[in-house]
Amino acid sequence: MLLKGLAALPLALPFTSAAATGGRYRLKFRHTHTDERLDVVYRDGSGYLAPEIERMNWLMRDFRSDQTTRMDPRLFDILHALSLTCGGDVFEIISAYRSPATNAKLRKTGGGGVARHSLHMEARAIDLRLVGFDTARLREAAVALGFGGVGYYPESDFVHVDTGNVRTWGPEPT
C-alpha cells in the first residue's frame, strides 16, 4: 500500500505546481529549426485549453514535412514541472513529433540515436534544452521528477524527455 502511494506521488506534481502558478500552466518555446516562438498558457483550473494545445501541436509538428498530430498533453505537464523545478524560462525544441517517414530517414542517414519505434512518432517525446540552464542539470531534474524516459546527449547538448516508462540512458553527467 505504501509503495502504491509513493508511486503515485510523481503524478501529483503537475497538480501541486498549479498552486504555485495561480492555477495557470504556462510554457515558452523557441523551435531551433524554424525559429518559431510560442508563449502560451495551455491549462488552467478548468483543464487543458484546446486552442492553446493546438498551437503547441503545430509548433511541435514534424518540421521536415509540416505533418502535425496531437501531442500527449502529459508531456506538456512534465515540461511545466521542469520549468518550475529548474526556474527556467524558454525551452528550445530540437525535435518533437516525427512522422514514421522522417524517423526512417533519420535512422538511415543519421546513424545511431534514432530508435526504430521512437516515441517521437507517437507524439510522446521531445528533445530540448532550457535556455540559461545546463543540460546536465536539466537531465538530473527530469530524472528526479520520475515521470517517464530521460535521455542525455551531451555531445549534442540536449535532453530527451518522454511519457513512456520510467528509464534513463546516456552518460551520467560529471
Side-chain angles (χ1 to χ4, degrees), residues 10-11 13-15 17-18 25-44 46-86 88 90-110 112-131 135 138-139 141-143 145-153 156-170:
L11 297 175
L13 183 58
F15 300 104
S17 66
Y25 291 71
R26 178 182 217 139
L27 288 170
K28 296 180 184 179
F29 299 102
R30 182 183 80 80
H31 199 293
T32 61
H33 296 283
T34 65
D35 201 36
E36 292 167 286
R37 297 165 193 269
L38 183 62
D39 179 349
V40 63
V41 173
Y42 71 95
R43 183 174 165 181
D44 63 17
S46 65
Y48 293 108
L49 304 173
E52 307 311 324
I53 294 290
E54 287 304 313
R55 292 176 67 202
M56 288 195 301
N57 287 339
W58 173 253
L59 181 69
M60 295 187 190
R61 72 192 180 280
D62 182 335
F63 68 92
R64 292 167 182 91
S65 65
D66 274 344
Q67 280 184 267
T68 188
T69 191
R70 185 179 186 279
M71 298 295 293
D72 183 346
R74 295 175 301 162
L75 190 60
F76 305 143
D77 291 337
I78 292 171
L79 298 182
H80 184 258
L82 272 176
S83 180
L84 291 177
T85 299
C86 299
V90 177
F91 285 103
E92 291 183 325
I93 301 168
I94 289 104
S95 180
Y97 173 66
R98 288 197 300 249
S99 68
T102 294
N103 200 72
K105 181 178 179 181
L106 290 174
R107 280 185 52 78
K108 192 179 286 187
T109 61
V114 178
R116 181 180 311 274
H117 301 290
S118 172
L119 290 178
H120 286 277
M121 294 188 301
E122 295 179 23
R124 297 176 57 200
I126 188 168
D127 299 335
L128 52 79
R129 298 181 194 105
L130 185 55
V131 173
T135 53
L138 181 62
R139 180 240 186 233
V143 169
L145 288 177
F147 285 124
V150 178
Y152 177 49
Y153 298 87
S156 301
D157 193 34
F158 73 83
V159 174
H160 167 102
V161 177
D162 68 48
T163 61
N165 294 331
V166 175
R167 66 213 186 286
T168 62
W169 64 93

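No hydrogens, no waters, no symmetry mates; every other heavy atom, side chains included, goes into these values. Here, residue 1 is the first one in the sequence, and each next residue gets the next number.
Although no hydrogens or angles enter the test, the distance criterion places no donor-acceptor pair under 3.5 Å between the side chain of R30 and the main chain of V90. With hydrogens and angles ignored, the 3.5 Å screen pairs a side-chain donor or acceptor of S83 with a backbone N or O of G88. Proximity of a side-chain donor or acceptor of N57 to a complementary backbone N or O of M71 within less than 3.5 Å is detected. Under the 3.5 Å distance criterion, the side-chain polar atoms of R167 are matched with a main-chain donor or acceptor of N165. Listed for the H120 side chain is no donor-acceptor partner under 3.5 Å among the backbone atoms of Y97.
For the atom pair L79 CG and L27 CG, the distance stands at 6.0 Å (nearest 0.5 Å). Here the straight-line distance linking atom CD1 of I78 with atom CG of D162 works out to 7.5 Å at 0.5 Å rounding. A distance of 11.0 Å separates CG in L128 from NE2 in H31, rounded to the nearest 0.5 Å. Within the model, atoms CG of D44 and CG of L49 stand 4.5 Å from one another, a figure rounded to the nearest 0.5 Å. To the nearest 0.5 Å, atom OG of residue S65 and atom NZ of residue K105 are 10.0 Å apart.
Counting heavy atoms of neighbouring residues, nucleotides and ligands inside a 6.0 Å radius, atom NZ of K28 exceeds 12 of them.
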Please step through side chain to side chain contact (heavy atoms under 4.5 Å, CB included) for the pair R37 and D35, ending with a clear verdict.
CA-CA 6 Å; R37 297 165 193 269; D35 201 36; 3.3 Å; yes

Evaluate the criterion side chain to side chain contact (heavy atoms under 4.5 Å, CB included) for residue pair L138 and V161; output intermediate values, then yes/no.
CA-CA 10 Å; L138 181 62; V161 177; over 6 Å; no

Report the C-alpha distance between H33 and I94 in whole Å, list the side-chain angles of each, state the deciding distance to 0.1 Å, and finish with yes or no for side chain to side chain contact (heavy atoms under 4.5 Å, CB included).
CA-CA 7 Å; H33 296 283; I94 289 104; 4.2 Å; yes

Just do the side chain to side chain contact (heavy atoms under 4.5 Å, CB included) check on E122 and D72 with the steps written out, would you?
CA-CA 8 Å; E122 295 179 23; D72 183 346; over 6 Å; no

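Contact check for F76 versus M60: side-chain heavy atoms found under the 4.5 Å cut-off. Counting heavy atoms from C-beta on, the side chains of R74 and F147 never come closer than 4.5 Å. Two residues are said to be in side-chain contact when any heavy atoms from C-beta on lie closer than 4.5 Å; D127 and R98 meet this criterion. Side-chain contact check for E52 versus V41: every heavy-atom pair is 4.5 Å or farther apart. With contacts defined as side-chain heavy-atom distances shorter than 4.5 Å, the pair F91/L82 qualifies. Counting heavy atoms from C-beta on, the side chains of D77 and R43 come closer than 4.5 Å. Within the 4.5 Å cutoff, the side chain of F29 has heavy atoms near those of the M56 side chain. Counting only heavy atoms from C-beta outward, the side chains of H117 and N103 never approach each other to under 4.5 Å.
R129 and S156 make their closest contact through NH2-O, 3.4 Å (heavy atoms, listed as atom of the first residue, atom of the second, distance). The two residues V150 and A142 come nearest to each other via the heavy atoms CG2-CB, 3.7 Å. The two atoms that bring Q67 and S99 nearest to each other are OE1-CB, 3.1 Å, heavy atoms only. The shortest non-hydrogen separation linking T135 to D157 is OG1-OD1, 2.8 Å. The nearest pair of heavy atoms linking I93 to I126 is CG1-CD1, 4.0 Å. The two residues L130 and C86 come nearest to each other via the heavy atoms CD2-CB, 3.6 Å.
Stacking of R61 on the aromatic ring of W58 is recorded, both the 6.0 Å distance cut-off and the 45° axial limit being met.
The aromatic rings of Y48 and Y42 sit parallel, their planes meeting at an angle under 30°, below the 60° perpendicular limit.
A donor-acceptor pair shorter than 3.5 Å can be found between the side chains of R124 and T163.
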